[in-house]
Novice: 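Shown below is the structure under consideration.
Computed from a predicted structure; not experimentally measured.
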Amino acid sequence: INLEEIYDWLLTDDFAPFISDDDKEIIYYFKVVEISKVLNYDNRGYLQVTFKPFSNYQYRRKIYEALVESVGLIEVFNYSRKKYMPIIAIINYGDEETINKIGDMEIKGLKNGEKIIIDNLSKIVQDKDGLNKFSCCNRKWIELEPRVSTHIAINGNCDVKIICEFPIVK
C-alpha cells in the first residue's frame, strides 16, 4: 500500500463521515488534525492518527419516503433533544400546474420527473444540477419538535424523501 494514497484518503479539507459496522444508522464526522509515522529500522510500522470530531454529537440518519398520487402521510420521529429541520427531496410526477404539498409547504412549477432538494435549515432550494429553485417553494419551512413524532401530510403527485441526520448524545 502506498503511503501517499493513505495520506490522500485521511487528509481532507472538510469533516468526513465515519460509520461503524456496529450501528450503520449512527454517523460521526471527523477530520484528521495530526498524523505521525511510527516506523522501525526496516521502514515498517504504522501511522498514529489524531482525529477532531465535528461536534459533541453523533448523528442518527433516517430517511422517510412516500410515493403519493393524491394524499399521503409520513410519520417522522425526531430523536434529537433540539428542534430539527430536515432535507427534503421531491420528484414531481404531475405537470407544471401540479401543486405538491408537504405539510404547509407548497411546491409548484416543476416539470414532470423534475427533482428538487429543499434544505429547511439553510433555506436552499435547488435542482440536481445545483440551479436555484427557490421560487418554486412557498417558504413554509418544516421544523420537527424534539423527541416527538410529527405527522406530515403530503398532497399531490410526487415522490417525497425526508432525509434526517438527528444530532444525538449517547
Novice: Over 60° means perpendicular and under 30° means parallel, so tell me whether Phe54 and Phe15 are parallel, tilted or perpendicular.
Specialist: perpendicular
Novice: What donor-acceptor contacts under 3.5 angstrom involve side-chain atoms of residues 155-162, with partners at least two apart or in another chain?
Specialist:
| from | atom 1 | to | atom 2 | distance (Å) |
| --- | --- | --- | --- | --- |
| Asn157 | ND2 | Tyr93 | O | 3.3 |

Novice: For residues Val32 and Thr12, determine if any side-chain heavy atom of one lies less than 4.5 Å from a side-chain heavy atom of the other.
Specialist: no
Novice: Go through Asn112 and Asp95 one step at a time and tell me if the side-chain contact (heavy atoms from CB on, under 4.5 Å) criterion holds.
Specialist: CA-CA 5 Å; Asn112 182 276; Asp95 57 27; 5.7 Å; no
Novice: List the residues meeting side-chain contact (heavy atoms from CB on, under 4.5 Å) with Pro17, not counting sequence neighbours, and say none if there are none.
Specialist: Ile27, Tyr29
Novice: Do NZ/NE/NH1/NH2 and the carboxylate oxygens of Lys83 and Glu145 come within less than 4.0 Å?
Specialist: yes
Novice: Counting only N and O atoms by type, is there a donor-acceptor contact under 3.5 Å from the side chain of Lys123 to the main-chain atoms of Asn120?
Specialist: yes
Novice: Could you pull out the closest heavy-atom pair between Ala89 and Ile163, with the gap in Å?
Specialist: CB-CD1, 4.4 Å
Novice: I'd like to know if the side chain of Ser80 reaches the main chain of Pro167, judged simply by a donor and an acceptor atom lying under 3.5 Å from each other, with no hydrogens or angles considered.
Specialist: yes
Novice: Checking the side chain of Asp21 only, and the main-chain atoms of Lys24 only, is there a donor and an acceptor separated by less than 3.5 Å?
Specialist: no
Novice: Which distance, rounded to the nearest 0.5 Å, do you find between the CG of Asp8 and the CD1 of Ile6?
Specialist: 10.0 Å
Novice: Fit a plane to each ring of Tyr79 and Phe77, take the angle between them on a 0 to 90° scale, and name the class: parallel (under 30°), tilted (30 to 60°) or perpendicular (over 60°).
Specialist: perpendicular
Novice: In plain terms, say whether Arg60 and Glu165 are close enough for a salt bridge, that is, a side-chain N and a carboxylate O under 4.0 Å apart.
Specialist: no
Novice: Around atom CG of Asn138, are there more than 12 heavy atoms of other residues, nucleotides or ligands at under 6.0 Å?
Specialist: yes
Novice: Do side-chain atoms of Asn78 reach the backbone of Lys82 as a donor and acceptor pair under 3.5 angstrom?
Specialist: yes
Novice: Tell me, do Cys137 and Glu106 make a side-chain contact under 4.5 Å, heavy atoms counted?
Specialist: no
Novice: Verify the neighbour count for atom CG of Asn40: are there more than 12 heavy atoms of other residues, nucleotides or ligands below 6.0 Å?
Specialist: yes
Novice: Once you round to the nearest 0.5 Å, how far does CG of Asn92 lie from CD of Glu97?
Specialist: 10.5 Å
Novice: Test your reading of the model: is there a side-chain donor-acceptor pair from Asp129 to the backbone of Leu131, 3.5 Å cut-off?
Specialist: no
Novice: With side-chain contact (heavy atoms from CB on, under 4.5 Å) as the criterion, how do Ile88 and Ile117 come out once you've worked through the C-alpha distance, each side chain's angles and the decisive distance to 0.1 Å?
Specialist: CA-CA 6 Å; Ile88 297 173; Ile117 307 291; over 6 Å; no
Novice: Side chain of Lys31, backbone of Asp13: donor and acceptor closer than 3.5 Å?
Specialist: yes
Novice: List the residues meeting salt bridge (charged side-chain N to carboxylate O under 4.0 Å, His left out) with Glu65, not counting sequence neighbours, and say none if there are none.
Specialist: none
Novice: For Tyr57 and Ile168, run side-chain contact (heavy atoms from CB on, under 4.5 Å): C-alpha distance rounded to whole Å, both residues' side-chain angles, the deciding distance at 0.1 Å, then the answer.
Specialist: CA-CA 5 Å; Tyr57 295 102; Ile168 57 174; 5.7 Å; no
Novice: List the steps, then state whether side-chain contact (heavy atoms from CB on, under 4.5 Å) holds for Glu25 with Lys62.
Specialist: CA-CA 7 Å; Glu25 286 186 355; Lys62 291 284 192 178; 3.0 Å; yes
Novice: Looking at Glu114 and Lys133, does any basic side-chain N land under 4.0 Å from a carboxylate oxygen?
Specialist: yes
Novice: Which atom pair, heavy atoms only, marks the closest approach of Tyr84 to Pro86?
Specialist: CE2-CA, 3.6 Å
